[in-house]
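These notes concern the structure reproduced below.
These figures come from a predicted structure and were not determined experimentally. Residue numbering restarts at 1 for every chain, and letters A, B, ... go by the order of the sequence lines.
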There are 2 protein chains.
Amino acid sequence: MIVEGLTMSLPNVPGVPLYVQIREALREEIEDGQFVPGQQIPPEEELASHYGVSRMTLRRAITDLIDEGFIYRRHGVGTFISHLQVNRDHTRLTDFLEGAKASGLEARVEVLKKEVVPANHQVAKALALDEGVEVLHITTLRIVNDQPVTLHNSYVPRALLGLLSEDKLAVSSPWLLLENRGMKIKDALERLEARGADEEQAAILAMEQDDPILYKERIVFAEDGMPVEFEVCYNRGDKYSCSIILRR
Amino acid sequence: MIVEGLTMSLPNVPGVPLYVQIREALREEIEDGQFVPGQQIPPEEELASHYGVSRMTLRRAITDLIDEGFIYRRHGVGTFISHLQVNRDHTRLTDFLEGAKASGLEARVEVLKKEVVPANHQVAKALALDEGVEVLHITTLRIVNDQPVTLHNSYVPRALLGLLSEDKLAVSSPWLLLENRGMKIKDALERLEARGADEEQAAILAMEQDDPILYKERIVFAEDGMPVEFEVCYNRGDKYSCSIILRR
DNA sequence: GAGTGGTCTAGACCACCCG
DNA sequence: GGGTGGTCTAGACCACTCG
């Protein structure tokens with residue numbers, strides 16, 4: 001709990017910005033339930049002197065927590081704890097195996113095909129390449145609890161292959177490998193549709209033809225706005241759903 | 001174009017923060033193509049003196065544009081124009097009719113049913129109410145270019161009905177009406193699935209039974225984190241897709 | 001080392017909400 | 001009017017990148 005009139009001694013971790021330390025300290029207090037939903041937290045002036053920082057620095061910490069949905073501000077009134085904390089990870093780009101592991105699911109990936117092909121119209125457009133330019137195409141089957149869930153296709157510009165280690169390819173998402181090599185991944189644009197399974201998809205995913213499939217395509221962008229990967233995947237409708245957050 | 005060594009005379013609009021004016025001025029320059037993708041923009045120090053503001057204020061404007069994906073920063077290097085500007089509206093909560101109008105589509109809404117009912121388990125859970133508590137349930141059909149696209153169900157806690165004008169209900173989204181009444185809408189949590197149409201849905205949406213449906217449910221939250229509306233909708237798979245942005 | 005963005009200060013004044 | 005958050009300053013020093 002925050003004790004008034006006392007300057008908090010922050011651990012003073014070297015190399016970690018003050019606003020990060022304060023943000024995490026506040027986040028911990030909120031998650032520990034030291035504030036109840038709807039409760040007002042002390043004014044910025046008071047929190048600033050409490051932590052021994054300027055108000056601007058404190059505000060930076062608060063603003064981060066607001067972006068995460070933990071608290072909200074009302075001009076002229078105060079700063080308050082949110083009533084429900086929605087899991088903001090829903091609108092985060094995450095790797096399949098990482099995400100499954102975090103959810104406590106037993107998951108694995110089987111590589112079905114790995115080849116260099118000329119980009120067709122759809123792939124070329126997504127990756128901002130000319131049609132016919134060579135791309136790496138990887139087809140995998142994603143399996144959760146021993147049941148096939150997703151038939152997955154990934155396309156990567158051949159020009160980026162120098163950055164990828166051949167052995168890990170397909171197990172990790174290509175964009176994650178690129179990130180591990182120092183490339184900054186910014187975001188991804190996804191499009192979702194409901195479709196019926198064709199004969200091949202049905203066979204691979206152990207379902208009947210025309211059974212519902214959640215079709216998803218995704219373009220992954222680096223920080224400079226260039227597409228680095230295009231994915232097309234077919235998800236069993238009865239075993240896969242997609243959750244997201246839309247901001248107003 | 002930005003002329004160096006000259007302090008820009010901002011319109012000095014009263015009531016509009018400087019960082020907003022600068023942000024919009026910069027956005028305009030970028031959208032007008034006065035910077036090419038990948039191009040470095042002047043350093044913060046220079047831009048600050050150019051606009052006659054402090055560097056902190058300028059950074060606030062820049063940071064907003066980065067959040068929108070127009071530009072990106074590289075520590076120790078500079079600030080640059082992004083190569084591709086993805087339409088960020090995709091991860092925004094928007095009203096159906098507003099959105100259709102913005103896309104230039106002819107769209108309308110038909111009200112099929114409007115009644116007060118006790119909340120079932122699913123609705124109660126979504127709206128953080130006890131089962132059996134009364135809620136308003138509105139069923140509508142959303143029609144684009146004279147073709148039915150979405151069978152839509154909306155649930156609103158009865159306690160909020162005082163804020164809603166009866167006549168406009170159903171035409172506008174309930175959350176939009178609440179917003180127009182001064183309530184701050186923060187965000188929405190959506191879940192998407194692929195399903196097959198049942199007999200009733202198929203009849204209403206003019207499709208065959210078991211044809212692909214994009215099922216979507218959505219909880220809309222106010223700024224304080226409380227749910228204000230729950231939606232369940234069935235979208236024709238061949239006429240509806242959903243695009244979103246995932247941040248890394 | 002020069003140039004860039006990242007963090008931080010110690011104030012100031014304004015805008016908003018409420019009793 | 002008193003209390004709150006919103007904006008803004010004019011500096012300072014640090015961290016990173018690159019030639």
Original post:
Whole-Å distance between C:dG5 P and B:Met56 CE?
Top reply: 15 Å
**OP:** Report yes if at least one side-chain N or O of A:Thr79 is closer than 4.0 Å to OP1 or OP2 of D:dT4; otherwise report no.
**Re:** no
Subject >> OP1 or OP2 of D:dC8 under 4.0 Å from side-chain N/O of B:Tyr19 >> reply: no
**OP:** Between B:Val20 and A:Glu45, name the one whose nearest nucleotide on DNA chain D is closer to the 5' end.
**Re:** A:Glu45
Subject >> Rounded distance (Å) that lies between atom P of D:dG11 and atom CD of B:Glu44 >> reply: 17 Å
N/O contacts under 3.5 Å, protein versus nucleotides 15-17 of chain D?
unit_1: D:dA15; atom_1: N3; unit_2: B:His75; atom_2: NE2; d: 3.0

Original post:
Does the distance from a Lys or Arg side-chain N to an Asp or Glu carboxylate O, for A:Lys101 and A:Glu98, drop under 4.0 Å?
Top reply: no
Original post:
Choosing from C:dT4, C:dT9, D:dG5, which nucleotide comes nearest the side chain of B:Pro43?
Top reply: C:dT4
Original post:
Looking only at atom types and distance, does a side-chain atom of A:Thr91 sit under 3.5 Å from a main-chain N or O of A:Ile245, one as donor and one as acceptor?
Top reply: yes
Subject >> Whole-Å gap separating P (C:dG3) and CD (B:Gln40) >> reply: 13 Å
Original post:
Reckon A:Arg59 touches a base, only the sugar-phosphate, or nothing at all at heavy-atom distances under 4.0 Å?
Top reply: base
Original post:
Rounded to the nearest Å, what distance is computed from the CD atom of residue B:Gln21 to the C1' atom of nucleotide D:dG6?
Top reply: 15 Å
Subject >> Rounded distance (Å) that lies between atom C1' of D:dG6 and atom CD1 of A:Ile62 >> reply: 14 Å
Subject >> Closest to side chain of A:Arg73, choosing from C:dC8, D:dG6, D:dC8 >> reply: D:dG6
Original post:
Who pairs with A:Ser54 by side-chain hydrogen bond (donor to acceptor under 3.5 Å, both in side chains), at least two apart in sequence or on another chain?
Top reply: A:Thr57
Original post:
What does A:Arg55 touch in the nucleic acid at a heavy-atom separation under 4.0 angstrom: a base, only the sugar-phosphate, or nothing?
Top reply: base
Original post:
Under 3.5 Å, side chain of B:Ser172 to main-chain N/O of B:Leu177, donor-acceptor pair present?
Top reply: no
Subject >> Option passing side-chain hydrogen bond (donor to acceptor under 3.5 Å, both in side chains) with B:Ser154 (candidates B:Arg218, B:Glu231, B:Glu229) >> reply: B:Glu229
Original post:
B:Tyr72 has an atom OH; how far is it from atom C1' of C:dT4, in whole Å?
Top reply: 14 Å
**OP:** Using only side-chain N and O atoms of A:Arg60, determine if any of them is under 4.0 Å from OP1 or OP2 of C:dT7.
**Re:** yes
Subject >> Spacing of B:Ile22 atom CD1 relative to D:dC8 atom C1', expressed in whole Å >> reply: 11 Å
Original post:
Under 4.0 Å between a side-chain N or O of A:Thr57 and OP1 or OP2 of C:dT9?
Top reply: yes
